[in-house]
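What follows is a short report on a single structure.
Within every chain, numbering begins at 1; the chains are lettered A, B, ... in the order of the sequence lines, protein sequences first and strands thereafter.
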Amino acid sequence: MTAGQQAMRTHVVVGAGQAGAHAAVAMRRAGFGGRIVLIGEEASLPYDRPPLSKSFLLAEDEPRLTHFFEPAVFSSLRIEAMVGVKVEAIDLAARRIALTYGGGLDFDALLLATGSRPRCLNVPGGERGLAIRTFDDASQLRQRLIAGQSVVCIGAGVIGLEVAAAAQARGCSVSVLDVERTVMSRSLAPELGVLVQQLHEHHGVTFEGAVAVAAIEGDSVVLGDGRRLPADTVVCGIGVVRNIDLARAAGIATRAGILVDPYGRTSADGIYAAGEVAEFPLAGGHGVWESWKHAQDHGALVGRVMAGAAQPYNEVPWFWSDQYGVNIQVVGDATGAAAAQVVDRGKRDGPSFCAFFLDAQSHVIGAFGWNAPKEVAAATRMIRRAMAITPDRLADPSVSLQTVLATSSSPAVAQLV
Amino acid sequence: MTWVRVATTAAVPLGEMLGVSVNGFKLAIYHLDDDSFRATQNVCTHEFALLSDGWLEGSEVECPLHAGRFDVRTGRALCEPLKRDIAVFAVEVRDGEIFVALPQ
Ligand SMILES: Cc1cc2nc3c(=O)[nH]c(=O)nc-3n(C[C@H](O)[C@H](O)[C@H](O)COP(=O)(O)OP(=O)(O)OC[C@H]3O[C@@H](n4cnc5c(N)ncnc54)[C@H](O)[C@@H]3O)c2cc1C
Ligand code: FES
């Protein structure tokens, strides 16, 4: 396509979250010369979600949103950002989307970056549980974290735990419940989940695993065994549902997310998906990741693809969480499910340590860092290179990981992990 | 500008970095693969993190919190989420000691 032809085209990005914003900006910076329209249902320009369950809840003054880009960036890059507008339908044949207020917009290529919404607890009174995804959700919750009140967090994933830590810091009496026995069970081996649980218990938060919630009532959470936990506020952090409805209604292939290839292309010509809503190829199948860095990097990559740059997605999953001043980072597979051994660098009861997960051939496949970002950065590179390592060297704090990686003879294997 | 001694060369092995505090400046000192020493501000321009807690690869330092990367020779921010560069400082090595030029 010539530059002139490209300049006549319109690319529409649906969903002005992290992935959508990074896609729009990267598309322009990669040289796409046509019209870019970024449409979002929420009433603000794209903003950072991680603070919503952390500093936002702790701030003394009315907290402000952190935007990924200054408004001037959108105007200088000629990105037309439209917020407070929902895309209602996609007409693939007519290459047109329908907008909430009745209008429509023609497109040549479309990116679906519609993200996820919190899963609702399907019990009587389940709607009383507050979920936290948006600025409005977090503002509402923040006002309810009043010293002396009781807060019950249903779901011991990272968001539930971060909210628990914030509520505790604000003087609430907090308990966390989960159907699983340990916390962060989706991403962490039980032996490490226990450490996070103990951190919470040390700060006065109680955790109860392997419990079912039967109902949420006005002032309490009713458990499966009939017990009632007093609850002035109930927070639900039980996972997300991907916003795939638009795509499905248009006949685009979906599973849990919108199915894409390594370039973010969906089953429909000229339609792409990125970020948390996209289900992309991984070794041995497809996956969906819920993480900040993934939304940023996948969004930007698909944006560049839409500008004509062909580059497959090939990242290692990584996320962080902050709880009581401890920086937790998880890279790769730290569930233990595929690991033959776990090698610790540093002491588990010390201020900082990293647990490396190794498969049967001593390849690093995952890591959990407790105030140990350097070790997690090393693990990320070891995973990317499919590097085998002598466990004793990994565990020895006098052996520099920079040196281990610099001198490693493992072939740099490009792999889809 | 004043030249301030910040560390011995032995304290920063090849391919590694060191965080130091001198005259109120938080600095990161790097020993690059080409055997040169470099210095930048140690605090990331995104949120609060010390770059010396991150990862050095070639001439790029990766921030420990959100993996933003800077070129330590020029201070240039190389990727998202970074919007601003970091300050770089001139370095001289004399008799096994590293000196950094700090603004007065
Ligand atoms: C409270 C919280 C804390 C988090 N903390 C961390 C953390 O510490 N570390 C970490 O790694 N990750 C964290 N995450 C995860 C990370 O923030 C998300 O994975 C990331 O924001 C996903 O970005 P996205 O752009 O794919 O989707 P979203 O952020 O969900 O954005 C999608 C946008 O699309 C809009 N939209 C949907 N449908 C339509 C439509 N039809 N028309 C118009 N607009 C539409 C939505 O309103 C939304 O604004 C956290 C998430 C939350 C909610
Ligand atoms: S604090 Fe450095 S990248 Fe965020």
What distance do [X] atom [atom1] and [Y] atom [atom2] have between them, rounded to the nearest 0.5 Å?
| X | Y | atom1 | atom2 | answer |
| --- | --- | --- | --- | --- |
| B:Leu65 | A:Gln329 | CG | CD | 7.5 Å |
| A:Thr403 | B:Glu16 | OG1 | CD | 5.0 Å |
| A:Thr380 | B:Trp55 | OG1 | CH2 | 9.5 Å |

Is it the side chain or the backbone of [X] that comes within 4.5 Å of chain B heavy atoms, both, or neither?
| X | value |
| --- | --- |
| A:Gln402 | both |
| A:Leu401 | both |
| A:Ala372 | neither |
| A:Asp322 | neither |
| A:Lys293 | side chain |

| request: In plain terms, say whether B:Glu47 and A:Lys54 are close enough for a salt bridge, that is, a side-chain N and a carboxylate O under 4.0 Å apart. | output: no
Would one find more than 12 heavy atoms of other residues, nucleotides or ligands at under 6.0 Å from atom [atom1] of [X]?
| X | atom1 | answer |
| --- | --- | --- |
| B:Arg5 | CZ | yes |
| B:Arg84 | CZ | no |
| B:Glu97 | CD | yes |

| said: What I'd like to find out is whether the side chain of A:Gln296 reaches to under 4.5 Å of the side chain of B:Pro81, using heavy atoms alone. | reply: yes
| Cationic tip of B:Lys83 above A:Phe69 ring, under 6.0 Å, 45° of axis | yes
| field | Pair B:Glu62-A:Lys374, side chain to side chain contact (heavy atoms under 4.5 Å, CB included): steps then yes or no | value | CA-CA 9 Å; B:Glu62 182 182 278; A:Lys374 202 183 283 285; over 6 Å; no
| Which of parallel (below 30°), tilted (30 to 60°) and perpendicular (above 60°) describes A:Trp320 and B:His66? | perpendicular
